[in-house]
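Structure record follows, encoded as structure tokens.
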Amino acid sequence: MTQIFIPAVFYRGGSSKGVFFHARHCPRDPAALDRMLLSALGSPDPYGRQLDGMGGGTSSLSKAVIIGPPTHPDADVDYTFAQVAVDRPVVDWGANCGNLSSAVGPFAVDEGLVRAADGEALVRIHQVNTKKIIHARFPVRNGKAVTAGDATVDGVAGTGAPIALDFLDPGGTVTSGLLPTGQVIERVEVDGRIFEMSLVDASNPVAFVAAEDAGLTGSEHPDAIEGNREAMTLLDRLRRAAGVRMGLGSMPDGVGLANPKIAVVSAPAPFVTLDGRTVGSEAQDIAIRMLSMERAHRAVTLTGAMCLAVACRIEGSLPHRLCSRDAGTQAIRIGHPSGIVAAGATVFPRGKGWHVESGRVYRTARRLMQGEVAVAPFDGEGKP
């Protein structure tokens, strides 16, 4: 036998896609699990296309999700996320995907893991990577998650049923706290230059740097950013230096690919989206261009949007300086290459620091395929 088949579901969640597995169908050995996921997604692929697997050649399309019984008293299911590198044999378990979080609740209901009456369902999700709780609310009809609706997500064609995601107490997911260094502004030195950055961990850790400091305008398309090798090299060095300060590695080379993300932020300015629309300054409060797994995102990650909304409400932070909207209760309108996403957060001073109570965003999701995915046999096991 040259390959085996494992039950799986292929989902779009927000502006990402990933392969969903039940925990009971996955190998318990971590190394065998990594090999299974690499095989399923088609990595590593030196051509960057993942033609021999389910991946799509970019970080937002090279993802896997494992759903199992809850290990937290306030949850209905456990959700573990795996970011699979495209061109390397690397599976990173150090982060969450906020976009695919939107598909976890519908998966749990459709697979019979959570029973839901017609109307609005609530699925309480234990996000294992970050040890946080997410509440997903979405419509259910005849015992299944509704997919049709009029909600839109910039970067995703068409419409779908709205899914509200509430991230509870999202500060300090894989670091020591909301502000891992205790400072709203860090001065990071690279090549003899000092860069002001804000290092924030809300839903996922993100290192924010001003676009102009990185030699960018903040309105570039992702391809233009990737084509600027000088900027890409600088951003990676800043990301790794920030990762050391956030406690995610003892040396820059020891900082993983997935965390922290690095985000280039700027004040609102007109830009043209990937589908050719022009977005004016008045339609946004702050702009972001985000990198993940050493690639420029074509949208903004959901956790990145959440982290930015939180950072905009932390007085004195770099995003707070650049945000055009007063840090009140309204959602922050974030400009990204595919359009606008709104994210809200409840943030307030606590003691000598800051605390984030919760954050909310809306997404859509759709089950694209179900059945079995072919993978190479697990070394030493030969079967799931």
Side-chain angles (χ1 to χ4, degrees), residues 13-16 96-102 104-105 120 122-125 127 130 132-139 149-156 160-173 178-179 184 198 200-206 208 261 263 265 267-268 279 282-288 290 299-336 338-350 353-365:
S15 55
S16 292
N96 174 36
C97 174
N99 277 296
L100 288 188
S101 298
S102 64
V104 173
E120 183 181 77
L122 166 63
V123 176
R124 304 171 304 161
I125 301 163
Q127 212 299 305
T130 60
K132 297 293 184 177
I133 297 295
I134 304 169
H135 285 179
R137 292 179 169 85
F138 52 92
D150 57 7
T152 61
V153 175
D154 278 351
V156 180
I163 300 170
L165 294 174
D166 292 305
F167 292 75
L168 309 185
D169 187 21
T173 56
L178 177 63
L179 297 172
V184 295
S198 287
V200 184
D201 181 2
S203 301
N204 263 337
V206 180
F208 296 101
K261 306 287 190 293
V265 287
V279 177
E282 73 286 349
Q284 52 185 312
D285 301 308
I286 193 167
I288 188 170
M290 197 159 193
V300 60
T301 67
L302 185 144
T303 52
M306 178 71 66
C307 193
L308 179 57
V310 169
C312 285
R313 290 195 161 93
I314 298 176
E315 293 179 10
S317 73
L318 184 62
H320 181 266
R321 294 180 193 171
L322 296 170
C323 185
S324 65
R325 173 163 289 185
D326 182 43
T329 58
Q330 290 181 300
I332 302 297
R333 300 168 303 168
I334 299 166
H336 60 92
S338 291
I340 300 291
V341 63
T346 303
V347 184
F348 51 85
R350 173 182 284 182
W354 293 83
H355 176 72
V356 52
E357 183 177 276
S358 63
R360 169 172 277 205
V361 290
Y362 289 89
R363 299 275 90 175
T364 64

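These numbers come from the heavy atoms of this one structure, side chains and all, not from hydrogens, waters or symmetry mates.
- Leu302 CG to Ser15 OG: the interatomic distance, rounded to the nearest 0.5 Å, is 8.0 Å.
- Here the NE2-CG distance, from His336 to Leu308, works out to 11.0 Å after rounding to the nearest 0.5 Å.
- Listed by chain and residue number, Asn204 satisfy the side chain to side chain donor-acceptor pair (under 3.5 Å) test with Thr303 (two or more places apart in sequence, or in another chain).
- For the residue pair Phe208 and Val265, the shortest heavy atom distance occurs at CD2-CG1, 3.8 Å.
- Within the 4.5 Å cutoff, the side chain of Gln284 has heavy atoms near those of the Pro268 side chain.
- Atom CG in Asp201 sits 7.5 Å away from atom CG in Leu178 (nearest 0.5 Å).
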Stepwise, does the side chain to side chain contact (heavy atoms under 4.5 Å, CB included) test hold for Ile134 with Leu168? CA-CA 6 Å; Ile134 304 169; Leu168 309 185; over 6 Å; no

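- Put simply, the side chain of Ser198 gets close to the backbone of Val184: a donor and an acceptor are under 3.5 Å apart.
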When you look at Met290 and Thr301, which way does the side chain to side chain contact (heavy atoms under 4.5 Å, CB included) test go after all the steps? CA-CA 8 Å; Met290 197 159 193; Thr301 67; 3.4 Å; yes

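- Side-chain atoms of Thr364 never come within 3.5 Å of backbone atoms of Ala161 as a donor-acceptor pair (strictly under, hydrogens ignored).
- A side chain to side chain contact (heavy atoms under 4.5 Å, CB included) with Ser203 holds for exactly one of Ser101, Pro170, Cys307; it is Pro170.
- Summarising the geometry of Gly304 relative to Val206, their closest heavy-atom pair is CA-CG2, 4.4 Å, with the distance given to 0.1 Å.
- In this structure Ser102 satisfies the side chain to side chain donor-acceptor pair (under 3.5 Å) test with no other residue, sequence neighbours excluded.
- Not counting sequence neighbours, the partners of Asp166 by the salt bridge (charged side-chain N to carboxylate O under 4.0 Å, His left out) test are Arg137, Arg360.
- Annotation for Gly98 and Leu165: closest pair O-CD1, 3.8 Å, computed over non-hydrogen atoms.
- The minimum heavy-atom distance between Asp154 and Gly339, with the atom names listed, is OD2-CA, 3.3 Å.
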Does the pair Val123 and Phe138 meet the rule for a side chain to side chain contact (heavy atoms under 4.5 Å, CB included), with working shown? CA-CA 9 Å; Val123 176; Phe138 52 92; 3.8 Å; yes

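- Rounding to the nearest 0.5 Å gives a distance of 5.5 Å between CD of Glu357 and CZ of Phe348.
- In this structure, Val341 and Ala305 approach most closely via the heavy-atom pair CG1-CB, 4.0 Å.
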Applying side chain to side chain contact (heavy atoms under 4.5 Å, CB included), run through Val361 and Met306 and close with a yes or a no. CA-CA 8 Å; Val361 290; Met306 178 71 66; 3.8 Å; yes

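- When all heavy atoms of Gly13 and Leu100 are compared, the closest pair comes out as N-CD2, 3.8 Å.
- Looking at Lys132, its side chain does come within 3.5 Å of a backbone N or O of Asp169 through a donor-acceptor pair.
- Shown here are the side chain to side chain donor-acceptor pair (under 3.5 Å) partners of Ser317, two or more places apart in sequence or in another chain: there are none.
- Residues satisfying the salt bridge (charged side-chain N to carboxylate O under 4.0 Å, His left out) test with Asp285, not counting sequence neighbours, are Arg325, Arg333.
- Partners of Val347 according to the side chain to side chain contact (heavy atoms under 4.5 Å, CB included) rule, which considers only residues two or more places apart in sequence or in another chain, are Val310, Arg313, Ile314, Ala345, Trp354, Val356.
- Side-chain contact annotation: Thr130 with Asn96, donor-acceptor N/O pair under 3.5 Å absent.
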